[in-house]
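As the structure lists them, so they are numbered: ligands from 1, and atoms in each ligand from 1. Just so we're clear, the structure is a prediction, and the values are computed from it rather than from any experiment.
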Amino acid sequence: MLLILQGCDASVLLDDSANIVSEKNSGPNKNSLRGFDVVDEIKAKLEEACPQTVSCADILALAARGSTVLSGGPNWELPLGRRDSKTASLSGSNNNIPAPNSTIQNLISLFKRQGLNDIDLVALSGGHTIGVARCVTFKQRLYNQNGNNQPDHTIEKNYFLDLKSVCPKSGGDSNISPLDLASPAKFDNTYFKLLLWGKGLLTSDEVLYTGEVGKTIQLVKRYAEDEGRFFEHFAKSMVNMGNISPLTGFNGEVRKNCRLVN
Ligand code: HEM
């Protein structure tokens with residue numbers, strides 16, 4: 001979930017300090033975001049070679065593109081020159097990041113609030129072709145999806161049994177399961193094929209296909225059939241997401257240390 005914040009005018013990288021309440025402790029981010037040490041390492045090398053020139057925001061955008069390419073996904077031209085925010089927003093982080101049990105309507109409206117449309121929503125959700133999620137983020141689907149102690153009936157039967165063995169009704173909250181069970185380390189379109197088969201891990205994944213919104217259903221089918229089209233849209237949507245109110249010119253700063261305001 002780190003990526004979704006890359007374009008915001010508050011910074012998820014800042015630690016708690018006298019004037020900052022870190023976003024790292026927001027509901028969606030706590031015990032979830034990781035890899036800050038890698039950003040620190042990249043920043044330290046850049047500061048050595050060329051002080052205060054490449055912002056932490058650009059480092060994140062470049063790392064997102066680099067990891068996509070290295071895992072087999074598309075490349076794209078990335079607008080650079082973002083500056084770093086001097087603030088964090090715990091409430092912004094709590095209110096603007098979609099929850100894993102979101103309905104399709106929640107997802108559409110939270111993306112819209114950031115200027116992102118249905119294509120951005122479905123294409124960017126394809127980022128879940130990589131990585132894992134903790135049991136606590138999908139437990140509700142397995143045992144009590146709608147408050148009536150019943151599972152989410154859209155989960156495929158055998159997948160449901162597998163997930164229950166990883167994620168028991170009580171405990172096991174930090175056990176993990178791949179978001180794309182077919183190829184969790186390869187950037188490809190199997191994520192969308194799995195959605196057609198009822199094998200999306202999070203509610204927010206599966207509702208792209210089961211949520212009765214024609215546009216997102218069509219897009220899931222299209223991307224499942226045509227990996228090239230998914231790659232093309234993902235690349236464009238990553239640029240759109242990176243352009244959400246970036247700081248430029250004299251706004252913000254280029255930090256020396258990604259965890260601290262200069
Ligand atoms: C559509 C709304 C989204 C929701 C509700 C969502 C939710 C989540 C959740 C709950 C996890 C697991 C976190 C954990 O267990 O700690 C996760 C992981 C992940 N998400 Fe998202 N996400 C969304 C959009 C995105 C987007 C747009 C991208 C990138 C383009 C993305 C990339 C990832 C990646 C790569 C992981 C795996 C991280 C890892 O293995 O450590 N997500 N997401």
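Ring centers of Phe138 and Tyr143: at least 6.0 Å apart, outside the cut-off. Taking the six-membered ring for Trp and the full ring otherwise, the centers of Phe234 and Tyr223 sit at least 6.0 Å from each other.
For ligand 1, the atoms closer than 4.0 angstrom to any heavy atom of Gly131 are 37 (C), 40 (O). Heavy-atom proximity to Ser32, at under 4.0 Å, picks out these atoms of ligand 1: 13 (C), 14 (C), 16 (O). Of all the atoms in ligand 1, the ones that sit under 4.0 Å from a non-hydrogen atom of Thr137 are 10 (C), 15 (O). Atoms of ligand 1 lying under 4.0 Å from any heavy atom of Ala99, numbered from 1 in the order shown and given with element: 5 (C). Contact atoms of ligand 1 toward Ser204: 5 (C) (distance under 4.0 Å to a heavy atom of the residue). Residue Ser125 approaches ligand 1 through these ligand atoms, each under 4.0 Å from one of its heavy atoms: 1 (C).
Linking ILVMFWY side-chain heavy atoms closer than 4.5 Å, directly or via other members, places Val254 and Val54 in two distinct hydrophobic clusters.
One option in Val122, Thr68, Val132 has a heavy atom closer to atom 37 (C) of ligand 1 than any other, and that option is Val132.
Geometrically, Lys221 does not engage Phe192 in a cation-pi contact defined by less than 6.0 Å to the ring centre and at most 45° from the axis.
Below 3.5 Å of separation, one finds an N or O of Arg34 facing an N or O of ligand 1. Considering backbone and side-chain atoms together, Arg134 places an N or O closer than 3.5 Å to an N or O of ligand 1.
Using a 4.0 Å cut-off between charged nitrogen and carboxylate oxygen, Arg229 and Glu232 count as a salt-bridge pair. A salt bridge links Arg82 and Asp58; the closest N-O separation between the charged side-chain nitrogens and carboxylate oxygens is under 4.0 Å.
Side chain to side chain, Arg255 and Ser11 meet the donor-acceptor criterion of an N or O pair below 3.5 Å. When only modelled atom types and interatomic distance are considered, Asn25 and Asp16 share a side-chain donor-acceptor pair under 3.5 Å.
Ser102 contributes no side-chain N or O that, together with a main-chain N or O of Pro98, makes up a donor-acceptor pair within less than 3.5 Å.
For the pairing with Tyr191, the side chain to side chain contact (heavy atoms under 4.5 Å, CB included) check across Leu201, Leu179, Thr129 returns one residue only, Thr129.
The proximity of Leu179 to ligand 1, defined as any non-hydrogen pair under 4.0 Å, is limited to the side chain. Contact annotation: for Pro98 versus ligand 1, heavy atoms closer than 4.0 Å belong to both the backbone and the side chain. Heavy atoms of Leu202 found under 4.0 angstrom from ligand 1 belong exclusively to the side chain. Contacts between Pro28 and ligand 1 below 4.0 angstrom, taking non-hydrogen atoms only, are absent altogether.
Using a 4.0 Å heavy-atom cutoff, Phe138 is absent from the residues neighbouring ligand 1.
For His128, the N, O or S atom with the smallest separation from atom 21 (Fe) of ligand 1 is NE2.
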